J.: 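Let me begin by handing over the structure; questions about it come next.
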Amino acid sequence: MSLSPLEIPLDIQRRSSKPSPSTIPRGSDGSHHLPHGHGRGHQKKPSSAAVDHRSTLPAPKASDALPLPLYLTNAIFFTLFFSVAYYLLHRWRDKIRNSTPLHVVTLSEIAAIVSLIASFIYLLGFFGIDFVQSFIARASHDAWDLDDASDSQCHHHEFDIGQQIPELFEPEPLISSISSEEDEEIVNSVVAGMVPSYSLEAKIGDCKRAAAIRRDALQRITGRSLQGLPLGGFDYESILGQCCEMPVGYVQIPVGIAGPLLLDGFEYSVPMATTEGCLVASTNRGCKAIFASGGATSTLLRDGMTRAPVVRFATAKRAADLKFFLEDPVNFETLALIFNRSSRFARLQSIHCSLAGKNLYMRFSCSTGDAMGMNMVSKGVQNVLDFLQNDFPDMDVIGISGNYCSDKKPAAVNWIEGRGKSVVCEAIVKEEVVKKVLKTNVAALVELNMLKNLAGSAVAGALGGYNAHASNIVSAIFIATGQDPAQNIESSHCLTMMEAVNDGRDLHISVTMPSIEVGTVGGGTQLAAQSACLNLLGVKGASKESPGSNARLLATIVAWISSGGGTLPDVCHRCGSASDESHEIQQIKQRCI
Ligand code: ADP
């Protein structure tokens, strides 16, 4: 991509004005104030300022050089051109008739020829005025750029235009969290690029101190304040090498509680971390409706995390040979033995292969206990690949993940085959509950579900999106309980069905979610806050009695609350519950999903 003429000088400025620690003055409060024009965040600003400033100046035109108005000058030259042309033609006709040589010209004829040439040049310029102006304009912009370049390189402390946009150069007050001389020195070394920011934890051996130093260095380098982003009150040791690299603080997300959710005879208060107003309120209302109807029941259909490496052969025939080998039941036991060495919780379930020419995609599926299982399955796959290399030495392993898994991407394979936990939940919502809690009637709910969640999603070409807003609830629970938020993509695949039952009086609602990817050990689940949320649900950590049961229970809770809690209020407020003018419903109505 080419730089616009206005960007080029600023790029030059950026490189030339890298702040050195010694040139950065410190405020009396210990905060670091950057000089005008210093710090990357600030250096970009003059660009827009310069653009604005220039855009207010009228662009120069060729006609600006004329002493008379353009229309008058045009009229004069038009008249001149045609009259002298007429005059000369007449003169030349007379000369031909009288046999006078054409090159013998009188003074008036010379004047006429000069006038003809002059007016011709003018008219040429007039008709091609845009063309001419484009040259003039370009030349003038080039002049601006050169000015800027020299300005930015030589006088970037003293921009004239800075006086018109003082706020753009206003340095932000940088609050320092550094107290000791030693830390101050390390900050300076990081700013100067002598100590890599990522190495601070290893160098200092104190994660909180490392975060504080990194944060200070970052503020000084960027000239941007991190005030508002908390630093204290967090256990930075707990995320080291596990959850987040190069921390400078943490983001607070409020956790609300929806419930009680009555599922399989047990009550659950469900934590939801969200900044979306009304989400918890509407989910809570759905829970209330299900609770009042006697609760829901769930069935786990499948529990298996997948990983699909891609390998390449010289021929498609060889790729097919491996496919047949892997899918032959005779070989499964050996392969499972090798795979299961990765963990005492990993148990190989199946290998589905798909060929793309000479390339083979092998989708390994295994149970992973209470872990979400990506690490576990990847280790198992690596074991098998190492083993296969003996019988298939011509196999070229291109990637441990070939995207046929398919992780964190919308993919039909997850929707159809499942990934993680596949769950179906159902409940019968009584007629009076539909009326009293949901403020609508069964027929309207069934119709809207059909037209919105099924037909509407089909019209939209949805992939696993046959629901109201399952991903809203899935995301909120994922964040609260330390799941991988990116797996919200496939975990939100959800098919919501509604049917009138018991002679049309009651509502049967079900959700089928084929790929809920959750765990109660590993990753973010072990952090204090997330762990507390898991504890609230009674699924914290590994299940001692029955490994995997905590993660499976979490998946059913996610599934049911995504439909009962999420779908019901969302659907019902669109189909005639407008009579309820309560504040909550009004807000829910405004929420655009
Ligand atoms: P993931 O595979 O989801 O990325 P991790 O590999 O980070 O998860 O965490 C799983 C770890 O937890 C493994 O080392 C495993 O041995 C251990 N673990 C302990 N108890 C269990 C359990 N009940 N289920 C699964 N893993 C468990």
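Here the structure is a predicted model, which means the values were calculated and not measured. Whatever order the structure lists them in is the order used to number ligands and atoms, beginning at 1. Atom set for the values below is all heavy atoms of this structure, side chains included, hydrogens, waters and symmetry mates excluded.
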J.: Is any side-chain N of the basic residue among K203 and E182 closer than 4.0 Å to the acidic one's carboxylate O?
T.: no
J.: Run the numbers on N488 and S475 for side-chain hydrogen bond (donor to acceptor under 3.5 Å, both in side chains), then give the verdict.
T.: CA-CA 6 Å; N488 153 68; S475 299; 3.1 Å; yes
J.: Could you tell me the separation between the CZ atom of R419 and the CZ atom of R363, rounded to the nearest 0.5 Å?
T.: 7.0 Å
J.: Do any side-chain atoms of residues 253-263 form donor-acceptor pairs under 3.5 angstrom with protein atoms, and if so which ones, sequence neighbours left out?
T.:
none

J.: Less than 3.5 Å apart, N/O on ligand 1 and N/O on the protein: could you list those pairs with the distances?
T.:
{"from": "ligand 1", "atom 1": "2 (O)", "to": "G373", "atom 2": "N", "distance (Å)": "3.4"}
{"from": "ligand 1", "atom 1": "2 (O)", "to": "M374", "atom 2": "N", "distance (Å)": "3.4"}
{"from": "ligand 1", "atom 1": "2 (O)", "to": "N375", "atom 2": "N", "distance (Å)": "3.2"}
{"from": "ligand 1", "atom 1": "2 (O)", "to": "M376", "atom 2": "N", "distance (Å)": "3.2"}
{"from": "ligand 1", "atom 1": "3 (O)", "to": "M372", "atom 2": "N", "distance (Å)": "3.3"}
{"from": "ligand 1", "atom 1": "3 (O)", "to": "G373", "atom 2": "N", "distance (Å)": "2.6"}
{"from": "ligand 1", "atom 1": "4 (O)", "to": "N375", "atom 2": "N", "distance (Å)": "3.4"}
{"from": "ligand 1", "atom 1": "4 (O)", "to": "N375", "atom 2": "ND2", "distance (Å)": "2.9"}
{"from": "ligand 1", "atom 1": "23 (N)", "to": "D370", "atom 2": "OD2", "distance (Å)": "3.2"}
{"from": "ligand 1", "atom 1": "24 (N)", "to": "D370", "atom 2": "N", "distance (Å)": "2.7"}

J.: Would D303 and K421 pass as an ion pair if we require N to O under 4.0 Å?
T.: yes
J.: Check the pair S367 / R347 against side-chain hydrogen bond (donor to acceptor under 3.5 Å, both in side chains), numbers first and verdict last.
T.: CA-CA 5 Å; S367 58; R347 293 292 168 264; over 6 Å; no
